[in-house]
Structure formats: C-alpha cells, structure tokens
Asks: 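Attaching a single structure in structure tokens format; questions to follow.
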Amino acid sequence: MEQLDRPELKDVPFAVGGGVLTTCNYVARQFGCRSGMAGFVAKKLCPQLVFLPLNFDKYNAKAAEVREVLAEYDARFESASIDEAYLNITEYCASRGIGPEEAVAQMRAQVHERTNITVSAGIAANARIAKICSNINKPNGQFVLPRERDAIMEFMRDLPCRKVNGIGRVLERELASLGINTCGDIYPQRQYLNRLFGDKVYEFLIRCYLGMGRTNVQPAEEYERKSVGTESTFRDMDDAAQLREKLRRTAEELQKDLERAQCKGRTLCIKVKLHTYEVLTRQAVLPKAVFLADDLYNHALPMLAKLEQEIPGMKLRLMGLRCTHLVSTKKPDPMAFFGLKSRRSESEDTSTGLKEARHAGGDGEWEQWPEDMMDAGSADNTVQEPQTGGEDMSGDGQSPFRRHGKEILPNPKKEEPVPAEDEDWWSCPICSRPQAADERQFNDHIDLCLSRQTILDTVQQDAAVAQPSPSIRSRGTTPDGKKAKERKRGRSTASAPDPRQKKLCFG
DNA sequence: GCGGATCAG
DNA sequence: ATGGCTGATCCGC
C-alpha cells in the first residue's frame, strides 16, 4: 500500500513491483498492497481511522497504465492480479547488455515517472522467490537474490515458511508443531512430511527448501478458467420463500457472470453458510451446459430443498452458485484461423493442448531437482535418507501419521505468555483478553483470534446457549457414531474445535 | 466425482 | 461496520 503515504493518491490502493530471475531467464514480479487487516479490527485499533469509498474503475485504469510500462520490458508478462505481475526480463537484459538489477530499477523509475505510482520488485531465479523478494524492500524498493544455488539455499534456510506462497495460516501452524519454522527446517524433518501431508505437499515443501519455483511466465489470459461463481452474504435467513428468492437472485447474477466469461457450465455447485458459519456445498452434474438464470435456478432448487431437509430449521448467512466444467461459448477468433495471433478461442470442446504448450517454455535450472536431491526420502526410506532418530515409521497409508494426526503430535509451541502484573499489556480487539505488549506476538494472537474456527466456536457457543442447533450435532458424527473428525488438514469440524484457539481466545 | 478445506489476492 | 468475494487446488472417500 505504498500509495497510502502519498496524499495526492490516497484513494488509489495500488502498488506494483517488479521481480526478476536468473540462470538464463529472468522473471520479474510486481506486487502490491495488502494491509491484511480486517476493517473492523483496524477501526478498533485506530478509532480515528477514515474509510474511503472504493473506486475500482479508477484502480483498473491505473493498473492499465502501469501494465503499459511493464509490457515494454516483457510483452508476455503475467498479471497475477490488479497490482501484481511477473516479468521474464531475460531478453530485455540480453538485448541491452544490462543486468536485471539495472533493468528493474529502470522499469520502476519508468512506472513512477509515467504513472506516479511507486512499485517494489523482487529479482530472483524463479517466480516463487521473486515474489518473496519483492516484499523485502518495500515500499518503493527492490531486492536481488543472486541466482547461484548457494545463495538461494542460504536465503531459504532462514526464511520463515509463512513467507512462501502456498503456506498459509494452517500449514504454518502444523509445520510449527513439528519444529519447522523456516524453510531450512524442512529438510531435517522431511521424514515426517510425506506421511503427514501427502505426496503433493511433501514435494511442494522440498521444493520450498530448495528454493525452486516456476520460471515460465505467460499472459494470464492464456490460463484456462475452470469455474465461474458468485456468492453473497446477508442477514440470517430461514424463511423458505425468502431463500428461494435469494437463490433466484444468485442465479441471475451467475448468468451475468457466465455471459461475461462467455461460457456455460456442465456442473452446478451450490454453497451455503449457516448462521453458525459452517459452510456446506452440494453439486449436480447437469444434463447439458447451461448459463440461463432459469436453468441455473431450476437445477439449484432441488439441492437447496435437500439441504433444508437435511438441516431442519436451516438458517443461512450466505448463498452462492458456481459453475464448473465450463464450455466456452466464445466465437472462434478469425485471426486464429489464419494462425496470426493464436488467441485463445474454442467453440465447444474444452480440452486443448494448451497445458503442454504452457510447460514447454522456460526450464531454468531452478525448476529442476538437483541430482543430489533426487532421492530425498519419498514414501520409502532410501539409502540416502539419514535416520535422524525416532522410531521407524514406515508402513502403509493407514498409519496414524497418514494425515496430520494432531492428537499424537507433540506441540512444542510455547504457550501464550501470561503478561506479568507489572508489565504493560495490550487488549485484543477481538477477544478483549490481555496480550503481551509485543508487536509480533500481538499480531500472531490477532491472526489466531480471527481464524474461522474461533469464529465458529464462538457463534456456536452463543447459538447453543440461545437454542441448540440440531443440524450441527447430527453431522458431527458419522452414521455409525464414530468420530467424523480428522479430516484433511486435521481441521476440525463443529465437533472438534481446536483446543489451542479456544484456549487462547475464549478459554 | 463429491464435499470439505486451505490458500491467495 | 465486517472476516467478503472469487477462483484454484488438494485430500479422503
């Protein structure tokens, strides 16, 4: 949010940055503003805060200006969002005989000069680390991570996991419970990771440890859209007729969105959020691809009705509809026919060879596993895998370790320190409980308090006092009465709240 | 596939 | 005075 310091641009929440890359390519990334704080929290912390109205037309116009400049450095740059982009500036640098640092400095100066927007940038060997680097010297700065492997691994070693795109609040905590706080901590603990998190996450984490990431950059338009949906929140609603009216409105919205996206959907998904904040989805495969509100409504209604049946007295605070398995209704591009521009356009069929084309380009060395990592412990322990102690955990997928298994994992995370009497303390804006007067700890605590589970617990506690919700109870257990917990991320449902969160916020 | 859940922006 | 909305992906079943 670099611009917020600039009075003349106060209402333009826009910032960009560039990033780059190494080996023989350079990936650049532009990034943006994010306070990461909910408005109502900010207001509590800072009562004199003034909220300005949003103006997305303005932001989009400004973004277009910035992108014009970016295009001069990489015509095929990739917009990641309104205020974020990746550029491969390899060629730009090569053709001018300059280094990425200079090119990006130039680019940022140009953006500033021509749009009056300051931007920050990260310059690195691949998109993943370029993004991380773009956050280092903001606002209005850039950071270069040398492309040498040693430099990259050294950088990753001390990098907090949370800084990596894809490691969010939940995975961060789960890793922390294994003593993994930085990317460097991943490798020595790798023996647990596969069975706890599965193959995909395991490989992802190892790649994080190694500082590997994609080096391919391409216009966002070339990515195939996979779903179109709309949802809205409203005051608690349980009236059947009103719910149908809401469904109708939602269907009408979705029709508009589908028209804008020029596609129809072969699968329709309804999403509801109960007054308890519990989210449910149901989907149906349609006999044919549809986009008309009437069709959407008619196919969604039975799903809504079934939900009402499943959950007596269902009270909603959100409803949404989403189409997947999209079928494009775009007119074939005549230019494409002549092979001129190869615009993305398909008449009826969805599958094209784009995926392959996408991965054809850019295979810098930081996309490939170094040889000495090729045997870094997968499901089976290999010769190379040092047994750093502990019991042998080899076994089938039914091991209690298979999925997180919170109940058997020690949690070395320190307790929230109770502030000493003579110490200053801050009051949490959400739970109002006293917190240590330490910025980092305070922020951590707020994160925790804002977690969905905590909200859920609180609302349900309140709801339970007022009127027990039979709906939740009935789904808290499986038909045979066994626990229905231990779902994917060890995330608990209504029946199994996270004790840590409860304790910290509302205990 | 389905439904739940996490993650990013 | 909103943690809402959109889209992608992953996992277990």
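Within every chain, numbering begins at 1; the chains are lettered A, B, ... in the order of the sequence lines, protein sequences first and strands thereafter. These numbers were taken from a predicted model, which means no experiment stands behind them.
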Asks: Side chains of Leu280(A) and Ile270(A): closer than 4.5 Å at any heavy-atom pair?
Replies: no
Asks: Between dC5(C), dC2(B), dT6(C), which nucleotide has the shortest distance from any of its atoms to the side chain of Ser232(A)?
Replies: dC5(C)
Asks: Under 4.0 Å between a side-chain N or O of Ser227(A) and OP1 or OP2 of dT6(C)?
Replies: no
Asks: The side chain of Lys226(A) lies closest to which of these nucleotides: dG7(C), dT9(C), dG3(B)?
Replies: dT9(C)
Asks: What nucleotide, of dG3(B), dG7(C), dG9(B), holds the atom closest to the side chain of Arg322(A)?
Replies: dG7(C)
Asks: Measuring from the side chain of Val201(A) (C-beta onward, heavy atoms only), which nucleotide among dC5(C), dC11(C), dG1(B) has the closest atom?
Replies: dC11(C)
Asks: Any side-chain N or O of Lys271(A) under 4.0 Å from OP1/OP2 of dC2(B)?
Replies: no
Asks: Send over the distance from Phe197(A) CZ to dG12(C) P, rounded to a whole Å.
Replies: 12 Å
Asks: Taking only N and O in the side chain of Lys273(A), is any of them less than 4.0 Å away from OP1 or OP2 of dG4(C)?
Replies: yes
Asks: If I take atom CG in residue Leu205(A) and atom P in nucleotide dC7(B), what distance separates them, rounded to the nearest angstrom?
Replies: 11 Å
Asks: Would you say dC5(C) has OP1 or OP2 under 4.0 Å from some side-chain N or O of Thr233(A)?
Replies: yes
Asks: Please round to the nearest 0.5 Å and tell me the distance separating atom CG of Leu268(A) and atom CG of Asp295(A).
Replies: 10.0 Å
Asks: Within the 4.0 Å heavy-atom criterion, would you say Thr230(A) contacts the bases, only the backbone, or no part of the nucleic acid?
Replies: sugar-phosphate
Asks: Which nucleotide sits closest to the side chain of Gln283(A): dA8(B), dT6(C), dC2(B)?
Replies: dC2(B)
Asks: For His325(A) and dT9(C), give me the distance from atom NE2 to atom C1', rounded to whole Å.
Replies: 13 Å
Asks: Using the side chain to side chain donor-acceptor pair (under 3.5 Å) rule, take Asn181(A) and Arg162(A) through it: C-alpha gap first, then chi angles, then the decisive distance, then the call.
Replies: CA-CA 8 Å; Asn181(A) 297 298; Arg162(A) 190 58 159 86; over 6 Å; no
Asks: Holding to salt bridge (charged side-chain N to carboxylate O under 4.0 Å, His left out), I want the full list of residues that pass it with Lys163(A), two or more places apart in sequence or in another chain.
Replies: none
Asks: May I ask you to evaluate whether Arg235(A) reaches the phosphate of dT2(C), defined as a side-chain N or O under 4.0 Å from OP1 or OP2?
Replies: no
Asks: State whether Glu278(A) and Arg317(A) are salt-bridged, where the test is any N-O pair (Lys NZ or Arg NE/NH1/NH2 against Asp/Glu carboxylate O) under 4.0 Å.
Replies: no
Asks: Whole angstrom is fine here: how far is it from CG in Leu268(A) over to P in dG3(B)?
Replies: 12 Å
Asks: Within this structure, what is the CG-to-P distance between Leu54(A) and dA1(C), rounded to whole angstrom?
Replies: 14 Å
Asks: Measure from NZ or CZ of Arg214(A) to the centre of the six-membered ring of Tyr86(A), then state whether that distance is under 6.0 Å and the direction lies within 45° of the axis.
Replies: yes
Asks: Can you tell which of dA1(C), dA8(B), dG1(B) lies closest to the side chain of Asn165(A)?
Replies: dA8(B)
Asks: Nearest to the side chain of Arg282(A), which nucleotide is it out of dC5(C), dG3(B), dG7(C)?
Replies: dG3(B)
Asks: Nearest-Å distance, CD (Glu172(A)) to C1' (dA8(B))?
Replies: 15 Å
Asks: Between atom CD in Glu78(A) and atom C1' in dA8(B), what is the gap in whole Å?
Replies: 14 Å
Asks: Expressed as a whole number of angstroms, how long is the span from Asp199(A):CG to dT9(C):P?
Replies: 18 Å
Asks: What nucleic acid atoms does Arg225(A) come within less than 4.0 Å of, heavy atoms only: base, sugar-phosphate, or nothing?
Replies: sugar-phosphate
